[in-house]
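In what follows, a single structure is set out as C-alpha cells and then discussed.
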2 protein chains.
Amino acid sequence: MAKRVVPEAARRRRRPTKQGQVLTHAHIVETALRMLREHGPAGLTARRLGLALGADASTVYRYFRGMDDLILAIADELFGRAMASFSPSGDWQADLRELGLRIHNAYLAHPQAAVLTASRVTGRPNEVASDETILGILRGAGFPDADAVRIYHAFIDQSLAFAILDAATLALPKAAREADEEVWRDTYARLPASTHPNIAATAPLLVARMNDSAYPTALDLLLASAAAQLAG
Amino acid sequence: MAKRVVPEAARRRRRPTKQGQVLTHAHIVETALRMLREHGPAGLTARRLGLALGADASTVYRYFRGMDDLILAIADELFGRAMASFSPSGDWQADLRELGLRIHNAYLAHPQAAVLTASRVTGRPNEVASDETILGILRGAGFPDADAVRIYHAFIDQSLAFAILDAATLALPKAAREADEEVWRDTYARLPASTHPNIAATAPLLVARMNDSAYPTALDLLLASAAAQLAG
DNA sequence: TCCCTTATGCCAACGCCATTGACGTTGTTG
DNA sequence: CAACAACGTCAATGGCGTTGGCATAAGGGA
C-alpha cells in the first residue's frame, strides 16, 4: 500500500480544489473545529468535512491517515493554543496553575473536541511540549526527578484529565444540556421521598453541575497537596 | 411511529430466538459487556451483538431504543455492581472512600465501557441511587444541604469522573497500550536534549502512566479537603 | 520554453454501520 | 379456543470511513 500521507514539511505542490480552496493541515483542523462547534461530535464526518472544505471527502486522506489521526491533530492543536506564548514566571505553583487553567480554557472553547479526545494520549508535538514544560517547572521547583514524575502522575495528570472531562460535561450543546436536565428532573421527580429521602437536595446539584466548573477548585487543591509534598 | 421499546416490567411474552436463546435486558447487557472486553469499544455493534446473542441485529431494538440507550444501560449496570450490597458504616469519610473505590473497580473491570460512558450522565436508577446514597452520607455527616451539594459537586463529581477516566486510560487493551507507548518512546527519543532538557524524566512517567492508578491518592486528597471544609 | 515527475484532487466503489417498517409467529389472556 | 399483542426476522435505506485508479496541475531540469 502506497503511503498517501505526506508530512507537512515535505509539501510543496498544491492544487486548488474544484471550488478554488487551497488546503493545508491547519485549515483542515480549523474547519473540523468549526464543524465540531456547530454540529457536535457526531457531525464531524469525512464527507461533511470534505463538503465544508469545498473538496472531496477522500482529499482529507492526503493530509491525515484517517479520522482518528485528524482527531489527535485537533487535540494537539488545542494543546498548542493553550501553551501559546506561555513563559514561566518562576513561581512554580502559579505557573502550574496558569497552565492548568489555560488547558481548561482551551477545551472549554471546544467542548465537543474534549468529548472526542478525553482519555487519549496523542504523543504529538504540543502535548510533548506541555509535558516538557511541566516537568521543567517541577524540577526547577526543587523536586528530585523521581518525585517530579510521581507528582506529575499523581496530581498533574489528574488535573488535566479533570480539565478536559470538565469541559466535556460542562459545555455540552445547550439542547443536550436541557434534555439531560429534563431527564434528570423527570427521574428524580418520580421517586418517592420515602425511599429517597435526599432527593430534595438534588435540584441545586443539577444546577451546579450544569453551570459551575469545579475544575479551578480541584486544581488549587492538587497544587497545594503537591506543595505539601515538597515541604514534607 | 409506534413505540418498539417496552419497559422491562411490562414484558411477559418471550419467544426464543431462531437459535434457541431467550433474551432479556440483563442478558443483552451482559453480552455487550463481554463483547466490549473481547473486541474493544469499536467492536460493539448492533450486528455483532445480534450475532453474539444468536439473534438478528434488529432484535436488540425491541429492548433498547438504540445503541446509545444500550450504552447508558451498560453504564448503569456497572454503577449497580459498584453499589451492590453497600451499606454505610457511619464513618462518612470511610463510606465515601469505599464508594469511590467500588466505582473505580467496577470500571477497571470494564475499561472499554469507561471509554464509552465517560462524561455521560445517565439519570438511570443505579446512578440515581448512588447520588442518593452519597447525598445521604454527606447530610448524615452534618453538612447543611447547601454545603453537601457544593462538596458533592466540587469533590465527589470530580472524583467519580476521574475514577472512570482513570479506568479508561489505565486499562486499555494491551496492544493499544504498547502501541501508544511505542509512539511516545519514538517521539521522545527523537527530541534533542538541547530543546527538551527534561526528556530523560519522561521514561518513568510513561511507565507510571501505563501501570499505576493515581485514583486512590486523589480520592483521599479530595475527601481530606472535604473534611477540612466541615471542620472549618 | 517544454517536458517529466509526482503530489494532489476527484471519482466510484466496497463493506460496514445503525435504524426502521412490514410481516409472520408465538405466548398469553379471556 | 379465539384474539391480541409482543416478539423475532427480513429486507431495505441512507450514511459512514476508507481505498484504488485516474486525471491533472505544479515545480524542477533541460
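Each chain gets a letter, A, B and so on, in the order its sequence line appears, and its residues count up from 1.
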Using a strict threshold of under 4.0 Å (side-chain N to carboxylate O), is an ion pair present between [Y] and [X]?
{"X": "A:Arg34", "Y": "A:Glu30", "result": "no"}
{"X": "B:Asp68", "Y": "B:Arg120", "result": "yes"}
{"X": "B:Arg47", "Y": "B:Asp56", "result": "no"}
{"X": "B:Arg102", "Y": "B:Glu98", "result": "yes"}

Rounded interatomic separation in angstrom, taking [atom1] from [X] and [atom2] from [N]:
{"X": "B:Ile28", "N": "D:dG8", "atom1": "CD1", "atom2": "C1'", "value": "12 Å"}
{"X": "A:Tyr63", "N": "D:dT18", "atom1": "OH", "atom2": "P", "value": "18 Å"}
{"X": "B:Asp69", "N": "C:dA18", "atom1": "CG", "atom2": "P", "value": "14 Å"}
{"X": "B:Leu23", "N": "C:dT26", "atom1": "CG", "atom2": "P", "value": "16 Å"}
{"X": "A:Leu49", "N": "C:dC10", "atom1": "CG", "atom2": "P", "value": "12 Å"}
{"X": "A:Asp56", "N": "C:dA7", "atom1": "CG", "atom2": "C1'", "value": "16 Å"}
{"X": "B:Asp68", "N": "C:dC17", "atom1": "CG", "atom2": "C1'", "value": "15 Å"}
{"X": "B:Leu53", "N": "D:dC7", "atom1": "CG", "atom2": "P", "value": "15 Å"}

(request) Can you see which heavy atom on B:Thr122 is nearest to which on B:Ala75, and at what distance? (result)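 So the minimum-distance heavy-atom pair works out to CG2-CB, 3.9 Å.
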
(message) Give me the atom names and distance for the closest heavy-atom approach of B:Ser213 to B:Pro216.
(response)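 Scanning both residues completely, I find the closest heavy atoms to be OG-CD, 3.5 Å.
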
For nucleotides 13-17 of chain D, which of its nitrogen or oxygen atoms have a protein nitrogen or oxygen under 3.5 Å away, and what is each distance?
residue	atom	partner	partner atom	Å
D:dC16	OP1	A:Thr45	OG1	3.4
D:dG17	OP1	A:Ala46	N	3.0
D:dG17	OP2	A:Ala46	N	2.7
D:dG17	OP2	A:Arg47	N	3.4
D:dG17	N7	A:Arg47	NH1	2.5
D:dG17	O6	A:Arg47	NH1	3.3
D:dG17	O6	A:Arg47	NH2	3.4

(message) Check the phosphate of D:dT18 against A:Ser58, side-chain N and O only, distance under 4.0 Å to OP1 or OP2. Yes or no?
(response)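 Checking A:Ser58 against D:dT18: no side-chain N or O falls below 4.0 Å of OP1 or OP2.
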
(message) Closest approach to the side chain of B:Thr59, judged atom by atom: which nucleotide of D:dG8, D:dC10, D:dC22 is it?
(response)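 Closest nucleotide among those given: D:dG8.
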
